[in-house]
Amino acid sequence: MRRIALTALAAATMAFSSVYAATAEAPVAAAAVDPSSPEAPILLTAKALKDNDFKQFFLSLPAADQAQAEKSWKDAQTNPAAKDGKEFDDAMAKLLAPDAVDQLMTQVEPQLKAFDPQQTSQMMMMMSGFLPMLLQNGPDGKPKALTPELKHTITMLQSIITDAAQWIPTANVNDPEKLRSAFGHIVAAAKALDIKDTKALRALPLTEVLGRVGPLVKELKQALAVYDLQADDFLGSITAKSAGEGDTRTLTVGFKAFGRGYETPITVERQGTKWVLSKDNASGFDAFGKMFNQGGGAPAPAAGEDTIR
């Protein structure tokens, strides 16, 4: 039962992040993004993920953010965490082995045969039903009032989970040939880093690491595409529109999931000549984390009706 539950959560997470409508009113890949605009933190991130260009995205960040990232990387290089390094080395050793795909199939295929898409779908529906209780509990364990914003968060997540639950039985996720193909892309993603262990990784400058992440992410997208999960379609559906004046603005960020349109507010603030996400942001994108760590608000209700496929 524990394995099935974990599989259900993994499948739900994969579906939430990757199954989306292929069109949007203003796909980020179709137009240049002004790096000085309030919408830039959202649209540049989406564009970098869609274009697999993380080095260029890094260079578009405020100088202070670049400096902090460089410092964090140098700290990791000089004071590495032994546990993290061992886990990374073990994973790379498995993924870079000549028979990596066969080994992965040997480990996972027995669980795949036991996987029941209908049962997983039912568990996801149950999870959807538990959301109000999970999101209503405060840090002290006591229930708090369901504000209109929190009610909207619950409705949005329940809609996505319900659609994902309906998708699971139709996706052939227990097809071993699909799994083998997906593992092939995952192995290719590891090879795209062109390093074999933590020592080699930490020897690289941060910009070089970011340059190698692009090909890795491209392969991972292809692994998802084996199951008709189109990450780039989702990224292309992301829109952002600024409202307000001054050095703090509210963005209405739109995206499409399973053919349904959603909107959620994101707060940004000006730093020098560029805009960054506000540290006290409380948006729909934070909702999954807030299910287990209630620390702020939730998104405002979406404007207009959902777009249903």
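Residues take their numbers from the sequence shown, with the count starting at 1.
N52 places none of its side-chain heavy atoms less than 4.5 Å from the side chain of V213. Using a 4.5 Å heavy-atom cutoff, the side chains of T162 and M125 are in contact. Here the side chains of T248 and V268 are not in contact, with every heavy-atom distance at 4.5 Å or above. Side-chain contact check for Y262 versus S159: some heavy-atom pair is nearer than 4.5 Å. Between F57 and L49 the shortest side-chain heavy-atom distance does not fall below 4.5 Å. L95 is listed as a side-chain neighbour of L104, based on a closest heavy-atom distance under 4.5 Å. Taking 4.5 Å as the limit, some side-chain heavy atom of P176 sits within range of a side-chain heavy atom of L112. Side chains of I195 and F88 form a contact here, defined as non-hydrogen atoms less than 4.5 Å apart.
A salt bridge (Lys or Arg N to Asp or Glu O under 4.0 Å) check over residues 207-223, counting only residues at least two apart or in different chains, returns the pairs E208-R212, K221-D232. For residues 190-199, the set of pairs meeting the salt bridge (Lys or Arg N to Asp or Glu O under 4.0 Å) definition, not counting sequence neighbours, is empty. The salt bridge (Lys or Arg N to Asp or Glu O under 4.0 Å) contacts involving residues 179-190 comprise D102-R180, where partners must be two or more places apart or lie in separate chains.
Note: L157 CG to M127 CE = 9.5 Å, rounded to the nearest 0.5 Å. From I160, atom CD1 reaches atom CZ of F255 across 4.5 Å, with rounding to the nearest 0.5 Å. To the nearest 0.5 angstrom, L235 atom CG is 11.5 Å from L43 atom CG. Taken from CG in L229 to CH2 in W167, the straight-line distance is 4.5 Å, to the nearest 0.5 Å. Atom CG of D116 is separated from atom CG of N174 by 8.5 Å, given to the nearest 0.5 angstrom. Here I238 contributes atom CD1 and I42 contributes atom CD1; the two are 7.5 Å apart, rounded to the nearest 0.5 Å.
A donor-acceptor pair under 3.5 Å is absent between the side-chain atoms of D51 and the main chain of D53, judged by distance alone. S72 contributes a side-chain N or O that, together with a main-chain N or O of Q68, makes up a donor-acceptor pair within less than 3.5 Å. Proximity of a side-chain donor or acceptor of S128 to a complementary backbone N or O of I161 within less than 3.5 Å is not detected. At distances below 3.5 Å, not a single donor-acceptor pair connects side-chain atoms of E263 with backbone N or O atoms of T252.
Summarising the local packing, CD of E245 is surrounded by 12 or fewer heavy atoms from other residues, nucleotides or ligands at distances under 6.0 Å.
Residues satisfying the side chain to side chain donor-acceptor pair (under 3.5 Å) test with E109, not counting sequence neighbours, are none. Residues meeting the salt bridge (charged side-chain N to carboxylate O under 4.0 Å, His left out) test with K178, sequence neighbours left out: none.
Closest of all the heavy-atom pairs between L251 and E39 is CD1-CA, 4.0 Å. Shortest non-hydrogen contact noted between P132 and I154 is CA-CD1, 3.7 Å. Scanning all heavy atoms of the two residues, the minimum distance from M124 to A164 falls at CE-CB, 3.4 Å. Scanning both residues, P117 and I168, for their nearest heavy atoms gives O-CG2, 3.6 Å. Nearest heavy atom pair, residue L44 against residue S60, reads CD1-OG, 3.7 Å. When all heavy atoms of G261 and K256 are compared, the closest pair comes out as CA-CG, 4.1 Å.
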Inset, instruction - With side chain to side chain contact (heavy atoms under 4.5 Å, CB included) as the test, would you mind laying out the steps for R249 and T267 before giving the verdict? - result: CA-CA 6 Å; R249 306 281 181 89; T267 304; over 6 Å; no
Legend entry - Pair D90-K86, salt bridge (charged side-chain N to carboxylate O under 4.0 Å, His left out): steps then yes or no: CA-CA 6 Å; D90 289 346; K86 184 178 185 309; 2.9 Å; yes
Inset, instruction - Would you check, one step at a time, whether the test side chain to side chain contact (heavy atoms under 4.5 Å, CB included) holds for E269 with V276? - result: CA-CA 6 Å; E269 55 191 44; V276 299; 4.0 Å; yes
Inset, instruction - Start with the C-alpha distance between V209 and W73, add both sets of side-chain angles, then the distance that settles side chain to side chain contact (heavy atoms under 4.5 Å, CB included), and finish with yes or no. - result: CA-CA 10 Å; V209 174; W73 180 247; 3.7 Å; yes
Legend entry - Criterion side chain to side chain contact (heavy atoms under 4.5 Å, CB included) on T45 and F54, from CA distance to verdict: CA-CA 9 Å; T45 301; F54 301 93; over 6 Å; no
Contacts table for residues 75-82: side-chain donor-acceptor under 3.5 angstrom, sequence neighbours left out:
unit_1 : atom_1 : unit_2 : atom_2 : d
D75    : OD2    : K71    : NZ     : 3.1
Q77    : NE2    : R202   : O      : 2.4
Q77    : NE2    : L204   : O      : 3.1
T78    : OG1    : K74    : O      : 3.0
T78    : OG1    : D75    : O      : 3.3

